[in-house]
Amino acid sequence: MAYWLMKSEPSSYSWADLIRDGGTMWDGVRNNAARLHLRAMKAGDEALFYQSMEDRSVVGIMRITGTGEPDGPDGSWVKVPVEPVRPLAKPVTLAAIKAEPKLAKMELIRQSRLSVAPVREEEWKLVLEMGK
DNA sequence: GCCAACGTTGGC
DNA sequence: GCCAACGTTGGC
């Protein structure tokens, strides 16, 4: 079981939208590194939901409910089905993540433009702890 | 095959 | 609104 972080601009699709829908197909990702990660996902993996731009916070936890499917006009991109697990009691801001030395190696920090990134188990646990 | 130009993302 | 980082495109 693997851990991930997936970004969305709340003005485009927010945590509230995900709760309202009860789950969604995470599609529209057009970046090769992100595609490789989407392809590596398996049902049961969990992902942090990060709201970029105006929020800049991790706000909840999602579960991957299936494997990647073809996306885009020629089917060469990848989409995965996700469902919400639970919100964090308090959002973990980007500023808080940057202020924590143990999280300095997170892909979120290292490559800020990557919209789908792996999360190490230690990082996962720490972010959840910070969100209590 | 290199690299400049351009477009997009996303933090500040 | 600005700009850095990164990806892509296209001329040569």
Side-chain angles (χ1 to χ4, degrees):
Chain A
M1 141 122 179
Y3 298 108
W4 309 95
L5 178 144
M6 298 161 87
K7 284 189 196 177
S8 183
E9 269 189 64
S11 60
S12 147
Y13 195 84
S14 67
W15 174 258
D17 292 330
L18 182 66
I19 294 293
R20 180 200 61 210
D21 296 344
T24 194
M25 193 56 82
W26 202 274
D27 59 9
V29 175
R30 297 291 181 267
N31 169 280
N32 192 53
R35 171 168 55 185
L36 294 174
H37 294 137
L38 288 170
R39 205 172 266 157
M41 289 180 182
K42 294 190 172 66
D45 285 358
E46 291 186 327
L48 299 172
F49 188 112
Y50 175 85
Q51 294 190 332
S52 62
M53 306 297 281
E54 52 264 56
D55 259 40
R56 275 166 276 140
S57 308
V58 174
V59 295
I61 304 171
M62 301 187 286
R63 181 181 296 112
I64 313 302
T65 58
T67 46
E69 298 170 30
D71 185 31
D74 64 356
S76 67
W77 296 101
V78 182
K79 60 185 175 185
V80 296
V82 300
E83 65 181 15
V85 175
R86 63 176 175 86
L88 296 186
K90 55 171 188 174
V92 178
T93 64
L94 180 65
I97 290 172
K98 284 193 163 176
E100 172 51 70
K102 290 176 185 160
L103 298 177
K105 289 187 178 171
M106 281 191 81
E107 297 307 312
L108 174 71
I109 308 299
R110 295 169 53 125
Q111 198 185 335
S112 68
R113 289 185 54 204
L114 187 58
S115 64
V116 181
V119 175
R120 295 172 188 83
E121 190 173 1
E122 319 86 79
E123 295 164 349
W124 177 270
K125 286 178 178 167
L126 186 48
V127 170
L128 294 200
E129 190 61 33
M130 290 163 71
K132 276 185 180 172

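First the proteins, then the strands, lettered A, B, ... as listed; each starts at 1.
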Could you tell me whether Lys125(A) and Glu122(A) make a salt bridge, using a distance below 4.0 angstrom between a side-chain N and a carboxylate O? no

Is the shortest distance from a Lys or Arg side-chain nitrogen in Glu107(A) or Arg120(A) to a carboxylate oxygen in the other one below 4.0 Å?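 Judged by the 4.0 Å cut-off on N to carboxylate O distance, Glu107(A) and Arg120(A) do form a salt bridge.
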
Can you tell me how far the CD atom of Gln111(A) sits from the CG atom of Leu114(A), to the nearest 0.5 Å? 5.0 Å

d([atom1], [X]; [atom2], [N]) in whole Å:
X         : N       : atom1 : atom2 : result
Tyr13(A)  : dG10(B) : OH    : P     : 17 Å
Glu9(A)   : dG10(B) : CD    : C1'   : 8 Å
Leu114(A) : dG11(B) : CG    : P     : 12 Å
Tyr50(A)  : dT9(B)  : OH    : C1'   : 12 Å
Leu5(A)   : dG10(B) : CG    : P     : 11 Å
Met53(A)  : dG11(B) : CE    : C1'   : 8 Å
Glu54(A)  : dG1(C)  : CD    : C1'   : 15 Å
Glu107(A) : dT9(B)  : CD    : P     : 20 Å

It should be established whether Lys7(A) places a side-chain nitrogen or oxygen under 4.0 Å from OP1 or OP2 of nucleotide dG10(B).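 Looking at the OP1 and OP2 atoms of dG10(B), one of them is under 4.0 Å from a side-chain N or O of Lys7(A).
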
When you look at Thr24(A) and Asp21(A), which way does the side-chain hydrogen bond (donor to acceptor under 3.5 Å, both in side chains) test go after all the steps? CA-CA 7 Å; Thr24(A) 194; Asp21(A) 296 344; 4.7 Å; no

Sort and list the pairs that fulfil side chain to side chain donor-acceptor pair (under 3.5 Å) and have at least one residue in residues 72-82 of chain A, not counting sequence neighbours. Asp74(A)-Ser76(A)

Please list all pairs meeting side chain to side chain donor-acceptor pair (under 3.5 Å) that have one or both residues in residues 40-54 of chain A, counting only residues at least two apart or in different chains.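 Of all non-adjacent pairs touching residues 40-54 of chain A, those that pass side chain to side chain donor-acceptor pair (under 3.5 Å) are Trp4(A)-Asp45(A).
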
Give every residue pair that meets the salt bridge (charged side-chain N to carboxylate O under 4.0 Å, His left out) criterion with at least one member in residues 83-95 of chain A, sequence neighbours excluded.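 Sorted result for residues 83-95 of chain A: Arg63(A)-Glu83(A).
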
Taking Ser115(A) for its side chain and Lys7(A) for its backbone only, find out whether a donor-acceptor pair lies under 3.5 Å. no

Nucleotides 2-6 of chain C: which of its N/O atoms have a protein N/O under 3.5 Å away?
| unit_1 | atom_1 | unit_2 | atom_2 | d |
| --- | --- | --- | --- | --- |
| dA5(C) | N3 | Arg113(A) | NH1 | 3.0 |
| dC6(C) | O4' | Arg113(A) | NH1 | 3.4 |
| dC6(C) | N1 | Arg113(A) | NH1 | 3.4 |
| dC6(C) | O2 | Arg113(A) | NH1 | 2.3 |

What parts of residues 69-77 of chain A reach DNA chain B, counting only heavy atoms under 4.0 Å away?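 The answer is none.
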
What are the two closest non-hydrogen atoms of [X] and [Y], and how far apart are they?
X        : Y         : result
Val58(A) : Leu88(A)  : O-CD1, 3.6 Å
Leu5(A)  : Met106(A) : CD1-CE, 4.3 Å
Gly28(A) : Asp71(A)  : N-OD2, 2.9 Å

Rounding to 10 degrees, work out the angle separating the end axes of the helix from dG1(B)-dC12(C) to dC12(B)-dG1(C) (five pairs an end).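 Helix axis angle between the two ends: 10°.
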
May I ask you to say what Leu94(A) touches in the nucleic acid, namely base, sugar-phosphate or nothing, with a heavy-atom cut-off under 4.0 Å? sugar-phosphate

